[in-house]
**Student:** 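I am attaching a structure below and will ask some questions about it afterwards.
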Amino acid sequence: MANFNVNSVLLITFSIFASAAYGIDDKCAACNAIATELERGLSNEKPRNHLDMRHRLDSKGQRQGKLIDYRVSELRVVELLDGLCENMQDYTLEKVDSSRQWIKVKDWDNLKTNKQEARAYSKDISSFCGRLLEETEDELSERIKKGSVNAGEVSRVLCQDIGRYCSQTSGNRETVDGETSNEEL
């Protein structure tokens, strides 16, 4: 009998933590939080010079090679996306009214909710970010290089057009599976 109770408690505990670890309930809201962080990176970009790839000299002593505009370079994409998912570890899920929102935590010590649960959520969104980038990186990179991803449009491009986690309906963000999400990040 005691063995049954211990096994039951372990099974229930495992299922609670496994459900948190294996998925994000509102993928649209999580995608929008990631888009917010990417948008922050775009808005904090500093102007850069063109990339000078002219390292060889021809027979007349003239430099040969390409001069690449930084805005369309692979380097810019790498700098924008590198560390994005690590930055998502600063986010957690917070209950606001009857819904939950992804928020950026400035100071984990001042967090009023369960810190262990909050850290688990931050790992969940970081993992989701990794999967999202794995799925969308090629198309997202191309759109960034083409200039079609600008500040203010990242959420639409990443979460609606490419990732298809959200669809736009009458001012509310609606998940692809039909759940409506009104929270703003």
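Given the structure is predicted, the values throughout are model-derived calculations rather than measurements.
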**Student:** Find the distance between CD1 (Ile103) and CG (Asp90) and round it off to the nearest 0.5 Å.
**Tutor:**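 Atom-to-atom, Ile103:CD1 and Asp90:CG are 11.0 Å apart.
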
**Student:** Has the side chain of Lys115 got a donor or acceptor atom that lies under 3.5 Å from a matching backbone atom of Leu111?
**Tutor:**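 Present.
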
**Student:** Strictly distance-based, threshold 3.5 Å: is any side-chain N or O of Ser126 a donor or acceptor partner for the main-chain N or O of Lys123?
**Tutor:**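 Not confirmed, Ser126 side chain does not pair with Lys123 backbone.
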
**Student:** Could you go step by step and tell me if Leu158 and Leu132 meet the side chain to side chain contact (heavy atoms under 4.5 Å, CB included) rule?
**Tutor:** CA-CA 9 Å; Leu158 181 62; Leu132 176 68; 3.9 Å; yes

**Student:** Would you mind checking if Lys112 and Glu94 are paired as a salt bridge, meaning a charged N to carboxylate O distance below 4.0 Å?
**Tutor:**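 Here Glu94 does not pair with Lys112 in a salt bridge, since their nearest N and O are not under 4.0 Å apart.
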
**Student:** When rounded to the nearest 0.5 angstrom, what distance separates CD in Glu117 from CG in Asp124?
**Tutor:**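 With rounding to 0.5 Å, CD (Glu117) is 10.0 Å from CG (Asp124).
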
**Student:** What residue pairs, at least two apart or across chains, pass disulfide (SG to SG under 2.5 Å) with a residue in residues 59-127?
**Tutor:**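 Residue pairs with at least one partner in residues 59-127: Cys85-Cys129.
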
**Student:** Which distance, rounded to the nearest 0.5 Å, do you find between the CG of Asn44 and the CD of Glu39?
**Tutor:**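 Here the interatomic distance stands at 10.5 Å.
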
**Student:** Using 0.5 Å steps for rounding, measure from the CE atom of Met88 to the CG atom of Leu133.
**Tutor:**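 Reported value, rounded in 0.5 Å steps: 10.0 Å.
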
**Student:** For the atom pair CD1 (Ile125) and CG (Asn87), what is the distance rounded to the nearest 0.5 Å?
**Tutor:**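 Answer rounded to 0.5 Å: 11.5 Å.
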
**Student:** Restricting to non-hydrogen atoms, name the atom on Val154 and the atom on Ala35 that form the minimum distance, rounded to 0.1 Å.
**Tutor:**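 In this case the closest contact between Val154 and Ala35 is CG1-O, 3.5 Å.
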
**Student:** Specify the closest pair of heavy atoms between Leu140 and Val149, including all atoms of both residues, with the distance to one decimal.
**Tutor:**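 Distance-wise, the nearest heavy atoms are CD1-CG2, 4.3 Å.
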
**Student:** Do side-chain atoms of Asp26 reach the backbone of Ala29 as a donor and acceptor pair under 3.5 angstrom?
**Tutor:**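 Judged by distance alone, yes, a pair lies under 3.5 Å.
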
**Student:** Salt bridge or not between Arg143 and Glu139? Use side-chain N to carboxylate O under 4.0 Å.
**Tutor:**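 Salt bridge: yes.
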
**Student:** With the threshold set at 4.0 Å, does a side-chain nitrogen-carboxylate oxygen contact exist between Glu142 and Lys145?
**Tutor:**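 Salt bridge flag = yes for Lys145 with Glu142.
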
**Student:** For Cys31 and Cys159: C-alpha separation, side-chain torsions, deciding distance, then whether disulfide (SG to SG under 2.5 Å) applies.
**Tutor:** CA-CA 6 Å; Cys31 184; Cys159 302; 2.1 Å; yes

**Student:** For Gln160 and Tyr165, test the side chains for any donor-to-acceptor distance below 3.5 angstrom and give the result as yes or no.
**Tutor:**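 Short answer, no.
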
**Student:** Considering non-hydrogen atoms only, spot the tightest contact between Ala33 and Tyr91 and give its length.
**Tutor:**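 Looking at all heavy atoms of both residues, the shortest contact is O-OH, 4.1 Å.
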
**Student:** Measuring from Asn32:CG to Trp102:CH2, what's the distance to the nearest 0.5 Å?
**Tutor:**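 That separation rounds to 12.5 Å.
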
**Student:** May I ask you to decide whether Asp161 forms a salt bridge with Arg156, counting only side-chain N to carboxylate O separations under 4.0 Å?
**Tutor:**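 Yes, Asp161 and Arg156 are salt-bridged.
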
**Student:** Under the side chain to side chain contact (heavy atoms under 4.5 Å, CB included) criterion, do Glu79 and Asp82 qualify, and how do the steps go?
**Tutor:** CA-CA 5 Å; Glu79 288 178 347; Asp82 190 40; 6.0 Å; no

**Student:** So do Arg40 and Lys104 actually touch side chain to side chain, heavy atoms under 4.5 Å?
**Tutor:**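 Yes; the side chains approach each other to less than 4.5 Å.
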
**Student:** Can you name the nearest heavy-atom pair linking Trp108 to Gln89, along with the distance?
**Tutor:**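 Shortest heavy-atom contact: CZ2-O, 3.3 Å.
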
**Student:** Measure across Leu81 and Ser141 and return the closest heavy-atom pair with its distance rounded to 0.1 Å.
**Tutor:**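 Closest pair (atom of Leu81, atom of Ser141, distance): CD1-OG, 4.3 Å.
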
**Student:** Given Arg76 and Glu45, is the side chain to side chain contact (heavy atoms under 4.5 Å, CB included) satisfied, shown in steps?
**Tutor:** CA-CA 9 Å; Arg76 177 178 182 232; Glu45 266 188 316; 2.7 Å; yes

